[in-house]
Number of protein chains: 4
Amino acid sequence: MTRHNERVTTTSADSGRPRTRAGGARRRGKGSSALASERREHLVRLAAELFAEKGFQATTVRNIADEAGILSGSLYHHFDSKESIVDEILTGFYNEIMAAYRAVLDKGMNPRDTVAGLVRVAFGNLEPHRAAITVMQNDWNYLKGMDRFSYLIKSEAEVEKMWVDTLSAGQKQGLFREDLDPKLTYRMIRDTIWVAVRWFKPGGRLDAQGLADHYLKVMFDGINVH
Amino acid sequence: MTRHNERVTTTSADSGRPRTRAGGARRRGKGSSALASERREHLVRLAAELFAEKGFQATTVRNIADEAGILSGSLYHHFDSKESIVDEILTGFYNEIMAAYRAVLDKGMNPRDTVAGLVRVAFGNLEPHRAAITVMQNDWNYLKGMDRFSYLIKSEAEVEKMWVDTLSAGQKQGLFREDLDPKLTYRMIRDTIWVAVRWFKPGGRLDAQGLADHYLKVMFDGINVH
Amino acid sequence: MTRHNERVTTTSADSGRPRTRAGGARRRGKGSSALASERREHLVRLAAELFAEKGFQATTVRNIADEAGILSGSLYHHFDSKESIVDEILTGFYNEIMAAYRAVLDKGMNPRDTVAGLVRVAFGNLEPHRAAITVMQNDWNYLKGMDRFSYLIKSEAEVEKMWVDTLSAGQKQGLFREDLDPKLTYRMIRDTIWVAVRWFKPGGRLDAQGLADHYLKVMFDGINVH
Amino acid sequence: MTRHNERVTTTSADSGRPRTRAGGARRRGKGSSALASERREHLVRLAAELFAEKGFQATTVRNIADEAGILSGSLYHHFDSKESIVDEILTGFYNEIMAAYRAVLDKGMNPRDTVAGLVRVAFGNLEPHRAAITVMQNDWNYLKGMDRFSYLIKSEAEVEKMWVDTLSAGQKQGLFREDLDPKLTYRMIRDTIWVAVRWFKPGGRLDAQGLADHYLKVMFDGINVH
DNA sequence: CATGAATGAGAGTTCATTCAT
DNA sequence: GATGAATGAACTCTCATTCAT
C-alpha cells in the first residue's frame with residue numbers, strides 16, 4: 001500500500017506504466033506505515049511548492065531535500081525518482097477534480113446550472129491544488145512528452161467530453177447561443193480558469209468563489225450592458 | 001550594426017543591461033550586414049521553434065546547432081548565450097505588439113471598438129509570433145527570475161494600464177457593466193487569448209481572426225441567449 | 001562543520017564573501033566529520049601539487065579528479081568550484097604564516113633579531129607550503145583579479161607594515177643603515193625569499209634553515225669582504 | 001626576411017624548431033616589407049602588454065585582435081599561432097640582454113665591477129622589456145613545458161655560468177666572502193632583480209638605475225651598519 | 001590583408017541517481 | 001531511514017585555429 005509510486009487513478013486502468021523497484025519485499029506494521037505515509041505526504045507537499053515556484057525542471061532534488069532538511073540521496077528512500085514525485089502531485093489533483101466533476105454531472109441539472117457547477121468546482125480547486133495546477137500550466141509542455149503522464153491526456157479528453165456535451169445540450173435546449181463552437185468555447189473557459197492560478201493569491205481581495213462568480217457573470221452575459 | 005545582443009526596445013530605455021564582448025573595435029562595411037542579419041534571423045527562428053516545442057530549458061544549444069547543421073560552439077559566433085537568443089525572440093515580439101497596441105489606442109475610438117481592436121491585435125499575433133508567445137506562456141516562470149528580462153515586466157505593466165483604462169472608460173460611458181472589476185477582467189481576457197497558443201493550429205478550421213470573432217462574441221455578450 | 005568553502009581567516013572579518021549552496025539544512029553527527037575532513041584535505045593536497053606543477057589555469061578539474069581516481073563531477077561533492085580549492089590552499093598558508101609572523105613580533109626582540117626571526121619563519125614555510133607559495137608566485141597575477149582573493153591583498157599589506165616598521169625601528173636604533181628605503185628593502189627581501197620556491201628542492205644540499213642562514217648573512221653584511 | 005615566426009637567436013643554433021607554413025612563396029618589394037614589419041611589431045607590442053597584464057593563458061587571441069581593431073582570425077595573417085607571438089616577445093628580450101651581458105664580460109673588469117655591470121644591465125632592461133620580463137616571471141612555469149621554448153633554458157644556463165664564474169673569481173681574488181655558495185648567491189641576485197618587475201613603475205620615485213644603486217648597496221655591504 | 005563563419009576539442013559545472021555504511 | 005561519496009551523462013560556453021570570399 002505504501003509502495004513507491006503508488007497512484008490510484010479511478011478513471012483509467014493503471015495499465016502498463018512502469019513501476020521501478022516494485023518487486024522487492026516490503027512489509028510493515030500498520031503504525032509505522034501511517035507515519036511513513038505522513039512523512040511522504042509532507043515531502044510531496046514541499047516538492048509541490050518548489051515545483052510551482054521554480055518549475056519542475058528548474059527544481060533540483062537537492063532543492064527538495066534541502067527544504068526537508070535531509071540529503072538528496074535520502075529522498076530515494078521515499079520516491080523512485082523526481083518524476084514519481086510530480087506524478088503523485090498530479091495524480092492527487094486529477095483524482096479529486098475528476099470525482100468532483102462527475103458529482104456535478106450526476107446531479108442531472110440543466111446545462112446552465114451544470115456549467116456553473118463545473119466552473120465552481122474548477123475555481124474551488126485553485127487554492128487546495130494551487131501547486132499542481134501551476135505545474136500543469138507551466139510544465140505541461142515538458143511533461144506531456146513522457147509516457148508516464150499519458151493518463152493526463154486521457155483524463156483531459158474525458159473532461160472535454162463532459163463540457164462539450166453539456167454545452168451542446170444547452171444549445172439544443174435554447175439556453176446557449178447557437179453560433180458558438182462548443183469545443184472552442186470549452187477551451188476558452190478551461191484556459192481562463194486554470195491560468196488564473198498565475199495571479200490568484202489566497203487571502204486576496206476575492207476568494208476563489210468570488211472569482212467564480214465574477215467569471216460566471218462574464219461568461220454567461222458578457223461584459224456589455226444589455 | 002551586427003553586434004551581438006542587439007535589441008531595440010521602444011518602450012524602456014535600454015539602460016544597463018550587459019552587452020557582452022561588445023567592447024572591442026568592430027566596424028563594418030555595408031553589404032555583408034544584410035546577409036549576416038539574415039543568417040542570424042534564420043538561427044533565431046530555428047531556436048524559437050525548438051523553444052516553443054520543448055521549452056527553453058529543455059532545449060539545448062546542441063539541439064539548436066543540430067537543427068542549423070552546425071556545431072554548438074559555432075552558435076556563439078552569432079549570440080552571446082542561449083539567453084540572448086530567447087531575448088531576441090521575445091524582444092521582437094514585444095516590440096511589434098506594443099507598437100500595434102499603441103496604434104489601436106491612437107485611433108481614439110470608443111472603448112468598445114478599442115477593446116475589439118486590442119483583441120484583434122492580440123489574436124493577430126498568434127500566428128506570426130506563435131513561438132514567442134508559447135515561450136512566454138510556458139517558460140515565463142523561469143525567465144522572470146532573470147534580471148535580463150525585467151523589461152518584460154515593464155511592458156506587461158504598460159499593457160495592463162492600456163486595458164484597464166479602456167475598460168474603466170467603457171464603464172463610465174455606460175458601455176460595459178458596472179459590476180466588473182477592470183483589472184480582473186483584463187487578466188481573464190489576456191490569459192484567455194494567449195493561452196490559445198497552446199492549441200491554435202494555423203490552417204485549422206478557424207483562422208486567427210475567426211477565433212477573435214468568436215472570442216469577441218462571448219466576451220461582449222456571453223454564452224447565454226438573451 | 002564540513003560545509004563547503006569553509007575558511008577561517010584570522011585576519012580579516014570573513015564578511016560578505018559568497019558561500020555557495022550553503023543555505024540548506026546541514027547538521028551532522030560527529031565521528032564522520034573527521035573522516036570527511038581527511039578526504040577533503042587529501043584532495044586539496046593533490047590539487048595543490050597540480051596547481052604548483054602546471055599552474056592554476058592549466059590544471060583542469062579533470063586533472064585533479066584523475067589524480068584522485070574519481071570523476072571530475074565528484075569533486076563537486078567536496079568543493080564548490082575550482083576556485084574554492086585554491087582558496088583553501090592559500091588560506092591555509094596565510095593563516096599559518098600570519099600567526100607565525102605575529103608570534104615573532106610578540107617576542108619584542110630588537111629589530112635585528114626580529115628581522116632574522118621573520119626571515120626564518122618565511123624560509124620555514126618553504127617546504128610545508130611549497131605548493132601554496134608556488135601558486136602565489138606563478139598565478140598571483142591571475143588570482144588577484146578576483147574579488148574572492150582580496151583578502152590576500154589585505155594580509156599582504158599587514159605583512160608589509162610589520163616589516164617596514166621593524167626596518168625603520170632598526171634604522172632609528174642605529175642597527176641598520178640610514179640610506180636604505182625600508183619599503184624597497186622589504187620588497188627585495190620578500191621577493192628573494194619567496195621566489196626561492198622555484199628552485200628549492202627539499203632534501204637537497206641545503207635545507208630551508210641552511211638557506212635562511214645563507215640569506216641572512218648576505219642580507220646583513222653583503223657579499224663583500226669587510 | 002619577414003616570414004612568420006622569424007627569430008634570430010644569436011646564441012643557439014636555431015635547430016629543429018618547427019616552422020609552420022614556412023615553405024610558401026612570399027616575396028615582396030622592399031617598401032611593403034618594411035610597412036608589414038612595422039605593423040607586425042605593433043601587434044607584438046600590443047600582445048606583450050596584454051600578456052604582461054593578464055598572463056599568457058588568460059589573454060585570448062580575441063583580446064589581442066580587439067586591441068588592434070581587427071578580428072581574431074586576421075591575426076593569423078601575421079603570426080602562425082599565439083605561441084609564436086610570445087616567442088617573438090621573449091626572443092627579442094633574450095637577444096638583447098644576452099648581448100649586453102656579453103659586452104660587460106668582454107670589458108674584462110674585476111669581478112666586483114663586473115657584478116655591478118651585470119646588475120645594472122639587468123635593471124636597465126626592466127623598463128624597455130617590462131612585458132617580456134613579466135611574462136617570464138608569471139608564465140614561465142607554463143611555457144617551460146613546451147619544446148619551442150627550450151632555447152630559454154639554454155640561455156639561462158649560459159647566464160648562470162657567467163655569474164657563477166664571476167662570483168667564484170671574486171672569491172678567489174679576496175673580493176667576495178668565502179663562505180658564500182656562488183650558485184645560491186647568483187639565484188638570489190637574479191630573482192631579486194627580475195621579480196622587481198612586479199612592482200616597478202616607470203616614472204615612480206626611483207628609476208631603474210636608482211633601484212640598481214639601492215640594490216648594489218645592499219648586495220655588497222648588507223643592511224647592517226658596520 | 002581582412003572578414004565572418006565555422007570547427008573541434010575541451011573547459012568548469014550540474015544533477016538525477018546509486019549504494020555501501 | 002539517513003548519510004556521504006561517487007557516478008556518468010549532459011550542459012553551456014570558450015577558444016585557438018582554419019578558410020572561402
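In the text below, chain A, chain B and the rest are named by the order of the sequence lines, each starting its count at 1.
- Distance, C:I64 CD1 to E:dT13 C1': 13 Å, rounded to whole Å.
- One can place CZ of A:F79 at 15 Å from P of E:dT18, the figure rounded to the nearest angstrom.
- Minimum heavy-atom separation, A:R148 to A:S81: NH1-OG, 3.8 Å.
- Using a 4.0 Å heavy-atom cutoff across all strands shown, A:T60 reaches sugar-phosphate atoms only and no base atom.
- Judged by distance alone, with hydrogens and angles left aside, the side-chain atoms of D:N138 form no donor-acceptor pair with the main-chain N or O of C:N138 at under 3.5 Å.
- Each of B:I70 and C:N63 lies near DNA chain E, and the nucleotide nearest B:I70 is the one positioned closer to the 5' end.
- Remark: side-chain polar atoms of B:R40 are paired, donor with acceptor, to backbone N or O of B:H78 under 3.5 angstrom.
- Summarising the geometry, the separation between CG on B:D87 and C1' on F:dT12 is reported as 17 Å, rounded to the nearest angstrom.
- Comparing A:L43 and C:G73 by the nucleotide of DNA chain F whose heavy atom lies nearest to each, the residue mapping closer to the 5' end is A:L43.
- Here E:dG10 presents its P atom at 18 Å from CD of C:Q57, a figure rounded to the nearest Å.
- Contact check for D:F79 versus D:L43: side-chain heavy atoms found under the 4.5 Å cut-off.
- If you measure from atom CG of B:L50 to atom C1' of F:dT12, you get 16 Å, rounded to the nearest angstrom.
- Of the candidates E:dG10, F:dA16, F:dT7, the closest approach to any side-chain atom of B:R62 belongs to E:dG10.
- The shortest non-hydrogen separation linking B:T59 to B:K82 is O-NZ, 2.8 Å.
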Nucleotide pairing, DNA chain F (Watson-Crick or G-U, distances under 3.5 Å), in dot-bracket with [ ] and |: .||||||||||||||||||||

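- Contact annotation: D:H77 does not reach the phosphate of F:dC19 (side-chain N/O to OP1 or OP2, under 4.0 Å).
- When the side-chain nitrogen and oxygen atoms of A:S74 are compared with OP1 and OP2 of F:dG1, none of them lie within a distance under 4.0 Å.
- Rounded to a whole Å, the CD atom of B:E83 is 7 Å from the P atom of F:dC13.
- One finds no side-chain N or O of C:H78 lying less than 4.0 angstrom from the OP1 or OP2 phosphate oxygen of F:dG4.
- Following rounding to the nearest Å, C:D66 (CG) and E:dG12 (C1') show an atom-to-atom distance of 14 Å.
- Protein atom CG of C:L75 is 18 Å distant from nucleotide atom P of F:dG4, rounded to whole Å.
- If A:S81 and C:K82 are placed on DNA chain E by their nearest nucleotide, the residue sitting closer to the 5' end is C:K82.
- Taking every heavy atom of both residues into account, D:E53 and C:N141 meet most closely at O-ND2, 3.3 Å.
- Out of E:dT17, E:dT14, F:dT17, the shortest distance to the side chain of C:Y76 is found at E:dT14.
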CA sep, side-chain torsions, deciding dist, call: D:T60, D:N63, side chain to side chain donor-acceptor pair (under 3.5 Å): CA-CA 5 Å; D:T60 70; D:N63 290 152; 3.2 Å; yes

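- Side chain of D:S72, nearest nucleotide from E:dA6, F:dT17, F:dA6: F:dT17.
- Across F:dA5, F:dG4, F:dA2, the shortest atom-to-atom separation from the side chain of A:R39 is found for F:dA2.
- Contact record, A:D87 with A:F149: CA-CE2, 3.7 Å, taken as the closest heavy-atom pair.
- Across all strands shown, B:L71 has heavy atoms under 4.0 Å from base atoms, whether or not it also approaches the sugar-phosphate.
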